[in-house]
S.K.: 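Please read through the structure below; I'll follow up with questions.
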Amino acid sequence: MTMLTHDVVIVGAGLAGMRAALELGPGVDVAVVSKVHPVRSHSGAAQGGINAALREEDPWENHAFDTVKGSDYLGDQDAIEIMCREAPSDIRQMEHWGVIFSRAEDERIAQRPFGGAGYPRTCYAADRTGHALLHAMYERVMKRGVKVYEEWFLLSLVVEDGVCRGIVALDIPTGQVVTLRAKAVILATGGYGRVYRTSSNGLVNTGDGMAVAYRAGAPLMDMEFVQFHPTTLKSNGVLITEGSRGEGGTLINAHGERFMKTYAPNAMELASRDVVSRAEQTEINEGRGVDGCVLLDLRHLGREKILERLPQIRDLAIKFAGTDPIEVPIPVRPGAHYSMGGIQADHNGQTPMEGLFACGECSCVSVHGANRLGGNSLLETIVFGRRTGAFVDGFISGRPLGSASAAHAAREEVRIAALVNRPEGERGWALREELGTVMNRDVGVFRDRAGLEHARKRGVDILQRSANLWVMDKSRTFNTDLTEALELLHIIDLAQTIIAGALAREESRGAHFRKDFTTRNDTSWMKHTLALPGEDGPRLDHAPVRFTKYEPQERKY
Ligand SMILES: Cc1cc2nc3c(=O)[nH]c(=O)nc-3n(C[C@H](O)[C@H](O)[C@H](O)COP(=O)(O)OP(=O)(O)OC[C@H]3O[C@@H](n4cnc5c(N)ncnc54)[C@H](O)[C@@H]3O)c2cc1C
């Protein structure tokens, strides 16, 4: 069996993974492993922008306050302060690296208003900000000559004596199982939006790194907090950026009313995402929706502004909803979008497992708490990608390579053979659809005990049936039937942690709204949820929230 060796192995070639790679010193032998070509990572789909307090009249402390408030006071305030304080220099660095930010009239980097923000501080490149960032980052990675294992699939971690010493991966084009030994492993594998049936996320966002870390014993934090974005298309969940509301778009119901005045009279459409999604869902549930949606009206922005600032979403609306927003409002509804939860990590990316680090959407630092502000996720990937890379650079210095037994890869070979050689059984796509439908219905914008209990039982049933998963394609080369089966197994594990956390948390906070416990309960629940694998499903524990100077208040927009 093949064994490769590097100083550092990074799994994930989105913004977080590539940013971490670029921070490792020139003498460090670093490899990046990605199941898709780097520029196909979901970071490239980010539309609306990236936050930083760049102007004198907008000190970074205001950004920190907005973020703490947006998190419904569950975010760790020390981590939030780091992110907001370091944001301006990171944005300037991105500009120097060639990111083509849109400009204001005075030629400075333009900034637009975004939800939950007290100042227009979201920098953008039209509505293709992720694309601009990701390509600039990839150019640097190529220039630096970082070894990239493209279309390699993370199968498991190599953990010996409680220390992470590498990974086992599947080389998708050849079907070979390979061990990559390293002094440190950084997971930057992105989010788990595809646990839900409709999601704004790319098909690749199946939370693989989180599931693999969880199975190896690294705790997942705050998994019950899933962000539903207020403006996704009904047919396929494709995102219509918050930037469209930042530019002045309004939300109307079937009677043509701007219903947000009832729910957030000051911020209106630019209240935080949890607030707007709940408002929309209430309008739809109470019969004031339009065919299961509400309407996003951009017509008053005018043709010129739409073409200049929002060209991509116009294109998406025409292609996938058959509506040109210059002429007619776009039907939208809340859709699964972002995972606030993830692998527990500190502000240098360290997880509780020695040798294992995490950054970007797969990690939970936690800067988003119970609800992320738009524009803070791209920022998290850059700030904490950089910090993780810098910390790991020191961590590996003078550290010997540990041994990694071939038994790890052998176990994966057995697991794959069992899947591929099974003559018949459950089809993955059917289980995936069943689970996604249950998650959409029972673990969505509004939750309650009965629905969550139902989801838990269905989740266990699907888990049991997945033991009999059947892969029809028996070949080794490019066996996407196999990789999809492996992704499904990850989704199933993560769904259990989301449901367990949501059932236990008997309060409403940020994106987690319980119809049977409608208020925030700081006395019992001002704490993070940790999930670890137990004998009978996830075993929950808790961790304290870290405070600096922001006292919890009732959240109003
Ligand atoms: C449509 C959309 C629009 C968004 N717009 C914005 C925005 O405007 N502003 C903002 O702040 N945030 C936005 N977000 C969120 C933000 O884009 C993401 O949170 C962020 O880009 C995640 O970056 P990442 O580097 O952590 O992961 P990703 O970019 O998702 O990259 C994950 C990487 O991990 C690799 N990987 C995963 N599993 C495996 C495996 N098993 N084996 C090998 N490799 C693996 C993938 O190949 C990929 O390279 C948006 C998200 C979406 C879906």
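Since the structure is predicted, the reported quantities are computational estimates derived from the model, not experimental observations. When a ligand or atom number is given, it counts from 1 through the structure's own listing order. Numbers here are sequence positions counted from 1.
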S.K.: Among all protein non-hydrogen atoms, which one is nearest to atom 8 (O) of ligand 1, and what is the separation to 0.1 Å?
M.R.: G48 N, 2.8 Å
S.K.: Hey, which atoms in ligand 1 end up nearer than 4.0 Å to a heavy atom of G375?
M.R.: 9 (N), 10 (C), 11 (O)
S.K.: In terms of residue, atom name and distance, what is the protein heavy atom nearest to atom 3 (C) of ligand 1?
M.R.: L239 CD2, 3.3 Å
S.K.: Whether R372 and E380 form a salt bridge (side-chain N of Lys/Arg under 4.0 Å from carboxylate O of Asp/Glu) is what I want to check.
M.R.: no
S.K.: Regarding ligand 1, does S43 bring an N or O atom to under 3.5 Å of one of the ligand's N or O atoms?
M.R.: yes
S.K.: Between G49 and L378, which heavy-atom pair has the shortest distance, and what is it?
M.R.: O-CD1, 3.4 Å
S.K.: Within the distance-only criterion (no hydrogens, no angle test), does the side chain of N51 pair as donor or acceptor with the backbone N or O of L379 below 3.5 angstrom?
M.R.: no
S.K.: Under 4.0 Å from a heavy atom of A13: which atoms of ligand 1 are those, numbered in the order shown and with their elements?
M.R.: 33 (C), 48 (C), 49 (O)
S.K.: Of all the non-hydrogen atoms in the protein, which one sits nearest to atom 17 (O) of ligand 1, and at what distance?
M.R.: A46 CB, 3.5 Å
S.K.: Specify the closest pair of heavy atoms between L170 and G175, including all atoms of both residues, with the distance to one decimal.
M.R.: CD1-O, 3.5 Å
S.K.: May I ask which of H37, H229, R40, H42 has a heavy atom nearer to atom 2 (C) of ligand 1 than the others do?
M.R.: H42
S.K.: Contact between ligand 1 and E487 is defined here as a heavy atom of the residue under 4.0 Å from a ligand atom; is it met?
M.R.: no
S.K.: Should G360 be counted as touching ligand 1, given the test is an N or O pair under 3.5 Å?
M.R.: no
S.K.: Would you say the ring centroid of H368 lies under 6.0 angstrom from that of F225?
M.R.: no
S.K.: Give the residue, atom name and distance (to 0.1 Å) of the protein heavy atom nearest atom 15 (C) of ligand 1.
M.R.: S377 OG, 3.5 Å
S.K.: Under 4.0 Å from any heavy atom of Y338, which atoms of ligand 1 are there?
M.R.: 19 (O)
S.K.: Going by an N to O cut-off under 4.0 Å, is there a salt bridge joining E150 and R40?
M.R.: no
S.K.: Where do P325 and I306 come nearest, in terms of heavy atoms and distance?
M.R.: O-CD1, 4.1 Å
S.K.: Quick one: sort the H37 and Y138 rings into parallel, tilted or perpendicular, breaks at 30° and 60°.
M.R.: perpendicular
S.K.: Is I50 close enough to touch ligand 1? Criterion: a residue heavy atom under 4.0 Å from a ligand atom.
M.R.: no
S.K.: Show the nearest heavy-atom pair for residues G70 and Y557, with the distance to one decimal.
M.R.: CA-OH, 3.6 Å
S.K.: Suppose I only count heavy atoms of W152 and a 4.0 Å limit; which atoms of ligand 1 are within that range?
M.R.: 42 (N), 43 (C)
S.K.: Consider every N or O of C362 and every N or O of ligand 1, then say whether any pair is closer than 3.5 Å.
M.R.: no
S.K.: What about L378: any of its N or O atoms under 3.5 Å from an N or O on ligand 1?
M.R.: yes
S.K.: Is it the case that ligand 1 has an N or O less than 3.5 angstrom from some N or O of L154?
M.R.: yes
S.K.: Just to confirm my output: which protein heavy-atom neighbour is closest to atom 37 (C) of ligand 1, and how far is it?
M.R.: T189 O, 3.4 Å
S.K.: Closest approach of L239 and S200, non-hydrogen atoms and distance?
M.R.: CB-CB, 4.0 Å
S.K.: With heavy-atom distances below 4.0 Å as the criterion, list the atoms of ligand 1 near V36.
M.R.: 47 (O)
S.K.: Short question: side chain of R112, backbone of G48 - any donor-acceptor pair under 3.5 Å?
M.R.: yes
S.K.: Can you tell me how far apart CG (D274) and CG (N371) are? Round to the nearest 0.5 Å.
M.R.: 3.5 Å
S.K.: For atom 50 (C) of ligand 1, which candidate among H337, E151, R128 provides the closest heavy atom?
M.R.: H337
S.K.: Using distance alone, decide if ligand 1 has a nitrogen or oxygen within less than 3.5 Å of any nitrogen or oxygen in K35.
M.R.: yes
S.K.: Can you tell me if E247 uses its side chain to pair, donor with acceptor, with the backbone of L301 under 3.5 Å?
M.R.: no
S.K.: Determine, considering heavy atoms only, which of G12, G130, A16 sits nearest to atom 25 (O) of ligand 1.
M.R.: A16
S.K.: Is there at least one pair of N or O atoms, one from N201 and one from ligand 1, spaced under 3.5 Å apart?
M.R.: no
S.K.: Does ligand 1 have an atom that lies less than 4.0 angstrom from a heavy atom of G374?
M.R.: no
S.K.: Could you go through E412 and S156, starting from their C-alpha distance and side-chain angles, then the distance that decides it, and tell me whether this counts as side chain to side chain donor-acceptor pair (under 3.5 Å)?
M.R.: CA-CA 8 Å; E412 292 304 323; S156 58; 3.0 Å; yes
S.K.: Considering only heavy atoms, does E380 approach ligand 1 within less than 4.0 Å through its side chain, its backbone, both, or neither?
M.R.: neither
S.K.: Examine the proximity of ligand 1 to D208 and report which part, side chain or backbone, both or neither, has a heavy atom under 4.0 Å away.
M.R.: side chain
S.K.: Do you know which two heavy atoms are closest between G249 and L296, and how far apart they sit?
M.R.: C-CD1, 4.4 Å
S.K.: Show me which atoms of ligand 1 lie under 4.0 Å from any heavy atom of V11.
M.R.: 43 (C), 44 (N)
S.K.: Answer yes when R432 and E484 have at least one side-chain N-carboxylate O distance shorter than 4.0 Å, and no when they do not.
M.R.: no
S.K.: Answer with side chain, backbone, both or neither: which part of R372 has a heavy atom less than 4.0 angstrom from an atom of ligand 1?
M.R.: side chain
S.K.: Polar-atom distance check: G49 versus ligand 1, any N or O pair below 3.5 Å?
M.R.: yes
S.K.: Check each atom of ligand 1 against the heavy atoms of A188 and keep those under 4.0 Å away; list them by number with element.
M.R.: 32 (C), 33 (C), 34 (O)
S.K.: With atoms numbered from 1 as shown, which atoms in ligand 1 lie under 4.0 angstrom from a non-hydrogen atom of S200?
M.R.: 1 (C), 53 (C)
S.K.: Has E86 got a side-chain atom pairing as donor or acceptor with V383's backbone, closer than 3.5 angstrom?
M.R.: no
